[in-house]
Number of protein chains: 2
Amino acid sequence: MKEITSQQQRVLDCIQIYIKKTGFPPTRADICRELGFKSPNSAETHLRALEKKGFISIESGASRGISVINGESQNDSNEYPIIGLVAAGSPTLAQENIEKTISCPESFFDSDFDYFLKVKGLSMKDAGIMEDDLIAVKKTTDVRNGDIVIARMDDEVTVKYFNRKNSKVIELEPANEDFENIVVDLEHEQLHIEGKSVGLLRRN
Amino acid sequence: MKEITSQQQRVLDCIQIYIKKTGFPPTRADICRELGFKSPNSAETHLRALEKKGFISIESGASRGISVINGESQNDSNEYPIIGLVAAGSPTLAQENIEKTISCPESFFDSDFDYFLKVKGLSMKDAGIMEDDLIAVKKTTDVRNGDIVIARMDDEVTVKYFNRKNSKVIELEPANEDFENIVVDLEHEQLHIEGKSVGLLRRN
DNA sequence: AAAAATACTGAATATATGTACAGTATAATA
DNA sequence: TATTATACTGTACATATATTCAGTATTTTT
């Protein structure tokens, strides 16, 4: 296996993190979005280079037909990505927000989980969630009132208490007096539940 | 999670096997090919049923945007004991104080550590340390002002901010208005530093 | 010094793919 | 009994996506 360049490594990391988070590989356009390229061909050429060097395989003609060839611990690796919570901008996967990954047992929290989310701000301070804490996020839309959820409205991602008022209205409640409740009318606004918190990790 | 029908189970199996084999999820047409359906809508309706029942999630508009909600299990690495913070008695490794153990990598926190301490009370609430949180404790007496320490006076163990006033006086400061500072005069009282916090773990 | 690899932008296009619509039929449920 | 869920076939179409072609520029290798 030939040497990998730093840019190619970024692309490879991007692919692996994308798969870990979404469950399926990225398109050329997805890679461009994550890494800031402006032409799909930028991703294409990197992919071909990575294929040539044996890091990935590409199924010709198939959409998202990228498969990472990993000799190490490819299947159930215990590596979980840390994803930065950005107040605005592209939803949570921007490459520059990804710190690194954490190796950790799958049964580490009571429920299994998918990735760590790095917290910005103090809107959940009274729930004991502080800046730079890592929330263990389980990807699910099955959330209940009182759950701490990771919610996305347009391109803004927030962590809040989930509270369904009725079939049309959901309230996202902070745990900090200085912040206001967010009321979402599902008939006029879109709310996407990315997942819920199943644990927290803080490293001093 | 509702009951799954046998046909839906076949589709779910098909998806998982396809991912395992190729590294990416199948299209509707792929599922039809695998299971012998003749219309992509056969796959579509099954997918929607599986989504509705919570077995998969589907990213709208994205090709191969299927993600199986689930998780296998396996783990390795070291065992760390969880020790209850008891009002009387020091947090020793005495068998009777050990509630259970957690498997976790050695380099999990920035510093290495020795055991988990289960928190009682809310005296450190404003530091984001809540009841039943697990503090990763490194056994050491080398602590500095501002460190969160595990301190023992007589038989009482507490978690507080460490603040040395001078050679004879140490203040133990809670992070909660409802609690008072503890001033320790080393000439008249004994203070034993059991260790310091190097991280925190919370399991919802 | 020439060739090849790397690292991109930008535009164009064939096709791969999700998804809606129109049907048919049977079993389960209220 | 009416309604809903399950389980399909078949057609159609907008768009998501891979992929090619034409460039530019820098670095590395031969």
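Order of the sequence lines fixes the chain letters, A, B, ..., with proteins taken first and strands second; residue numbering starts at 1 for each chain.
- Proximity of B:S60 to the phosphate of C:dT19: a side-chain N or O atom is located under 4.0 Å from OP1 or OP2.
- Residue B:K52 places none of its side-chain N or O atoms closer than 4.0 Å to OP1 or OP2 of D:dT4.
- Of the two residues near DNA chain C, A:N41 and A:A49, the one whose nearest nucleotide lies more 5' is A:A49.
- Between A:K138 and the options A:D147, A:D110, A:D112, a salt bridge (charged side-chain N to carboxylate O under 4.0 Å, His left out) holds for only A:D112.
- The distance between atom CD of B:Q7 and atom P of D:dT9, rounded to the nearest whole Å, is 11 Å.
- Mapping B:F37 and A:P40 onto DNA chain D by nearest heavy atom places B:F37 closer to the 5' end of the strand.
- Between B:S39 and A:R28, the residue anchored closer to the 5' end of DNA chain D is B:S39, taking for each the nucleotide with the nearest heavy atom.
- C:dC8 atom P lies 12 Å from atom CD1 of A:I31, rounded to whole Å.
- For A:S42, no side-chain nitrogen or oxygen approaches OP1 or OP2 of C:dA7 to under 4.0 Å.
- Proximity of A:R64 to the phosphate of D:dA18: no side-chain N or O atom is located under 4.0 Å from OP1 or OP2.
- Side-chain nitrogen and oxygen atoms of A:T5 include at least one within less than 4.0 Å of the OP1 or OP2 phosphate oxygen of C:dA7.
- In this structure, B:S63 does not reach the D:dA16 phosphate: none of its side-chain N or O atoms is under 4.0 Å from OP1 or OP2.
- Put simply, the side chain of A:E189 gets close to the backbone of A:D185: a donor and an acceptor are under 3.5 Å apart.
- Picking from C:dA7, D:dT6, D:dC8 the nucleotide with the shortest atom distance to the side chain of A:H46 gives C:dA7.
- One finds no side-chain N or O of A:R48 lying less than 4.0 angstrom from the OP1 or OP2 phosphate oxygen of C:dA5.
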